[in-house]
Amino acid sequence: MTYRDVPAKIDLSAMEHEVLDFWADNDIFHKSLERTRDGEPWIFFEGPPTANGMPGTHHVEARVFKDIFPRYRTMKGYHVPRKAGWDCHGLPVELAVEKELGFSGKQDIEKFGIAQFNDKCRESVLRHVGEFSNMTQRMGYWVDMDQAYWTMDASYVDSVWWSLKRIFDKGLLVQDHRVSPYCPRCGTGLSDHELAQGYEDVVDASVYVRFPVTGGPLLEQFPGLALVVWTTTPWTLVSNTAAAVHPELEYVVARTSAGEVLMVAADLREAVLGEDSVVVHSVIGRDLEGTPYQRPFTWIEFPQTDAPVNTVLLADFVTAQDGTGIVHEAPAFGADDLTLCRSYGLPVVNPVRADGTFMPEVQEVGGLFFKSADPVIVGLLEERGLLFRHLPYEHAYPHCWRCHTALIYYAQPSWYIRTTAIKDQLIAQNEATNWFPETIKWGRYGDWLNNNVDWALSRNRFWGTPLPIWRCEEGHLTCVGGRRELAALAGDEALTMDPHRPYVDDVTFPCPTCSQTATRVPEVIDCWFDSGAMPFAQLGYPESNKELFEKSYPADFICEAIDQTRGWFYTLMAIGTLVFDESSYKNVLCLGHILDEDGRKMSKHLGNVLEPIALMDEHGADAVRWFMLAGGSPWQARRVGHTTIAEVVRKTLLTYWNTVAFQSLYARAGNWDPATASLTNLTDLDRWAVSQATRLARDVDNALEQFDTQRAGRLIADYVDDLSNWYVRRSRRRFWDADNAALSTLHHCLKVVTQVMAPFTPFITERVWQDLFAGNDVASVHLTSWPEWNDAGIDDTLRDQVELTRRIVELGRAARATSGVKTRQPLGRALVAASGWDQLPEGLQAQIRDEVNVESLESLSGTDELVDVSLKANFKALGARFAARTPLVAQSISAADARELVTSLRQGSAVVIVEGAPETITIDDVVITEMPREGWTVASADGESLALDLTLTPDLIGQGIARDATRLIQDARKTSGFDISDRITVTWFSGSYETVEALTKHGESIATEVLATQWSQSPIAEATFFDEDLDLSIVISKN
RNA sequence: GGGCCUAUAGCUCAGCUUGGUUAGAGCGCUUCCCUGAUAAGGAAGAGGUCGAUGGUUCAAGUCCAUCUAGGCCCA
């Protein structure tokens, strides 16, 4: 049994498709779950993507992270069930369908029929789920899509109803009238977390408007006095009800250069009225209460009331930050306004209809969309001499997160969950949650909790979980906790009904309190509640899976991008706390966003969206995965583009693959059976590679434990590089001879690296597993256990020695480069000055000789006549002891005679004079650098040096020629496309005396090296290969 | 206006937790070297006021403060 043939070149994408087939045919995912069935559970909750559009590359990002940790935990022996989920309800789906059908609002839907419309929504969801499934499968995200939960399933709705009833029973689900952001286009209110997604920068008119004072003592004193009021929503002036000032702020009456008397907050006078305005009176806000003024438009009549309509009110929310310090109040269109006006008993007048247009009977602006009324209003203000100033004002204004219509703050009846009642509990739950990165916990998310407002739950829409509240004519409310309960009240048909609109709308029953007929309220709920209910609703709890649920709550791990802080992260925690008094997750990984190559957010509008399947088919899913996991910090926004991903392939994946291909090539050439692999008779370098593999298994384990894929990725990439560019490079010859220790070592190391890489890049590692390991081992790398490690198997001394070896080699190469003597030309000796080099094992010293191509290494120390010694202070060591005097000590050290000082230090310690006083220093307080004197080629770094003796003897020159010739023949073999084990015939000819001499002398060893069975010197008519410098022609042929 | 994050080479990013005197890597560029797996690898070079200012310290890319710019989130 030997390895499979591993081609040097690989089409990653084609390979991945083969691997996908292998997994499917052998059901590897389910086998991995089966294998860990008795393991400790590690609970993962899948945040359901909304099935309302095509998946994007940002979906791949989150899903890569959702995949790697379950895979890793599975290898560690945990049982990690992974149930897929699809978020089916909600406005986005409705909007997509509306667009498809060419609808422009709710009326169209009602005309079309709710049942038919919802059928279309269901179809749309199914279609998009198909797209998500394809992408999920292609990227190798192992999640159980056959058992997926769908938030539109009847059993799911049952669970959601059950939880709503628990909340209702606690008195936390209530109806209230409140101003909330409202989309006139979609005809629905938006929750705060929806609002969060839709701010757009717009330029609005900002106007400073005169409100002429019509009474009070100030008017008598200053005839013509007017309040100056600032607003960015001129259209709300139509329903102006009052003006508000802060009770503690100072206000002034000022005369402008034009001679007007106007009132503003004292701090804003200059900004609003100009530097040349003159204060003529000052008053504290409190004293302005009740001052009457003339409102700008009188098109709307107020109902008869004793309340102080169109007077100055006092409000704490007024500031002198911007505007004028006097705030225009329109209670129908502002939350603060409504609260304030209500407290004064003022009426709420609302001339704007649900579709966002002014009532037709309103003068001038009747029928206009509210925003379109702005220019009309501004024109009229101007005409009437009420406009003090008019400026374009750029600010972020909330827009509907899907249809981009400007939202209107609008008073309407709505159902709320009183999350403010459990705020302290939420904060305590957050305290117990581990956030990665940690800053989110106290920053962004903590802030959100601290500023918690009640959750506006209801939506006046069609495709959603119906709010399970029935109301009778007497106004009694019944919250129904599932279809079974509904059947008990309304009859058995309810048991099997589709619990969506319009069917559920037709169900009535006698009110349990008064027996009057109860009908369902018309609203559906915010789809964020659906997804937040997934911990129990995915299992149909409590109707079914009671035990399973109790074992799988809360989750050990959830992961989404940062935009979910106010979305799913919040609803999940809030619902968990509301229903079970405990948050539903313990660890949460919060990812940064994926940006395009120019650092812009990917969006359809900008046309910079990377289509995920195309991306994966071009570069390979593994490459995309590796980029997401290891290319930069997961919790930071990152740029992604083709060049970055292509680099991943070249640097990491292909280096790994080539090492595998190398192992396979020589193992097969040598008929090596991996079953005979044994880590005995290892060289120092072998032991190093094995020890480093063990270190890798340990360090990647620890990094993944802390959700740090970037660190883990760097460790893997570094090890792959070490293996390929140091271990293999230095061990090549042993592979040519099918050396068992070398093949066993690389076999072992590749196995470890394949396993620790498997959660990152499941495809290529699976392929490698099949090629090298499956024959004698487990059928799939994803069914293996994490490689075992213990600290005893990790040799730090050896690591340090190899690092020193590599540093010296590096110096050798640098010296070679500056010497101008190319590396193929052997040199007699190199002189080394580096602490500990002479204690290096002979095997490692041989590596240095070989790599630098010198016959011997000698110590540079002690050859005083050849070497200059210099030293400088080790500030870290000195600083600890001498603190403020450190620079003085350093000065003394550099002033002292270097050679004497070093001699003394090498014998133990030395004394330097600092400010006339002696100070004892040791060898650790300095960095010694030894430099050869003139005439040597030397390289030096960090106190370590290597010098080359450039003396060339005829013998060395001959060896150099032999090596050049070898190189020429090897190159010829390769160009001719010979196999590495082909035996050849070489005929050579040269007109150079030196070349003939060298090739004659070294002929036998060259022939062995190049696998030549025939080696002859003879004139050549037509040379196939020729080297000008050597004047050497050769002809080779396969035997 | 508030909160959080970010700012290091032409580009993409490490390093900052724990301060130490020549600030690193990759990509790209120039020259050279090595090559019996490699679309690889190595050496040298060009390219940095580590966003700015101030402070703490013997010593600041690293700690503190303020500011500037960008991003995200919220008002």
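Letters A, B, ... are given to chains in the order of the sequence lines, protein chains preceding strands, and every chain is numbered from 1. These numbers come from a predicted model, not from an experiment.
- Summarising the geometry, the separation between CG on A:Leu743 and P on B:A37 is reported as 14 Å, rounded to the nearest angstrom.
- Between A:Arg967 and A:Asp1027 no salt bridge is recorded (no basic side-chain N to carboxylate O distance below 4.0 Å).
- Checking A:Leu878 against A:Glu810, the closest nucleotide of RNA chain B that is more toward the 5' end is the one next to A:Leu878.
- Here the C1' atom of nucleotide B:U35 and the CZ atom of A:Arg729 are 8 Å apart, to the nearest Å.
- For A:Ala883, taking side-chain heavy atoms from C-beta onward, the closest of the listed nucleotides B:A37, B:C58, B:A39 is B:C58.
- Looking at heavy-atom distances under 4.0 Å, A:Arg824 makes contact with sugar-phosphate atoms alone, never a base.
- Judged by distance alone, with hydrogens and angles left aside, the side-chain atoms of A:Asp737 form no donor-acceptor pair with the main-chain N or O of A:Asp739 at under 3.5 Å.
- Taking the charged nitrogens against the carboxylate oxygens, A:Arg881 and A:Glu919 have no contact shorter than 4.0 Å, which rules out a salt bridge.
- In this model, a donor atom of one side chain and an acceptor atom of the other lie less than 3.5 Å apart for A:Thr985 and A:Asn1039.
- Residues satisfying the side chain to side chain contact (heavy atoms under 4.5 Å, CB included) test with A:Ile645, not counting sequence neighbours, are A:Leu615, A:His619, A:Ala623, A:Val624, A:Phe627, A:Val640.
- For A:Arg963 and B:U35, the shortest distance from a side-chain N or O to OP1 or OP2 is below 4.0 Å.
- Pair assignment for B:C34 gives none, since no Watson-Crick or G-U wobble pairing has each distance under 3.5 Å.
- Counting any heavy atom pair closer than 4.0 Å across all strands shown, A:Ser664 reaches no nucleic acid atom.
- With A:Trp626 contributing its side chain and A:Gly713 its backbone, the two residues share no donor-acceptor pair below 3.5 Å.
- Judged by distance alone, with hydrogens and angles left aside, A:Arg967 brings a side-chain donor or acceptor within reach of the base of B:U35, the pair sitting under 3.5 Å.
- Taking atom CG of A:Asn874 as the reference point, atom C1' of B:U21 lies 10 Å away to the nearest angstrom.
- A stacked arrangement is assigned to A:Trp736 and the six-membered base ring of B:G36, with a centre-to-centre distance below 5.5 Å and an interplanar angle below 30°.
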Give me the distances for all protein-to-nucleotides 16-19 of chain B N/O pairs that come in under 3.5 Å?
none

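- Computed from coordinates, the A:Gln710 CD to B:A25 C1' distance equals 13 Å when rounded to whole Å.
- Considering only side-chain atoms of A:Thr886, the nucleotide from B:C58, B:A37, B:C73 that sits closest is B:C58.
- Positionally, the nearest nucleotide of RNA chain B for A:Leu1011 lies more toward the 5' end than for the other of A:Ala814 and A:Leu1011.
- In this structure, A:Asn874 contributes its side chain and A:Asp924 its backbone to a donor-acceptor pair below 3.5 Å.
- Nucleotide B:A25 holds its P atom 16 Å from the CG atom of A:Asn725, rounded to whole Å.
- Neither OP1 nor OP2 of B:A40 sits under 4.0 Å from any side-chain N or O of A:Lys9.
- As the counterpart of B:U21, no nucleotide is assigned, since no Watson-Crick or G-U wobble pattern has both distances under 3.5 Å.
- Figure legend. B:G26 is base-paired to B:C11; pairs are counted as Watson-Crick or G-U wobble with both atom distances under 3.5 Å.
- Counting distance only, with no hydrogens placed and no angle test, the side-chain atoms of A:Arg732 and the base atoms of B:U38 include a donor-acceptor pair under 3.5 Å.
- Looking at heavy-atom distances under 4.0 Å, A:Ile10 makes contact with a base.
- Residue A:Glu851 contributes atom CD, which lies 12 Å from atom P of B:C34 at whole-angstrom precision.
- Nucleic acid contact class of A:Val728 (heavy atoms, under 4.0 Å, all strands): base.
- Taking every side-chain heavy atom of A:Lys974 into account, B:U38 is the closest of B:U38, B:G36, B:C58.
- Between the CG atom of A:Asp979 and the P atom of B:A37 there is a distance of 11 Å, rounded to whole Å.
- At the heavy-atom level, A:Arg885 lies nowhere under 4.0 Å from the strands shown.
- A donor-acceptor pair is defined here as one N or O able to donate and one able to accept, closer than 3.5 Å; no such pair exists between the side chain of A:Arg983 and the backbone of A:Ala1012.
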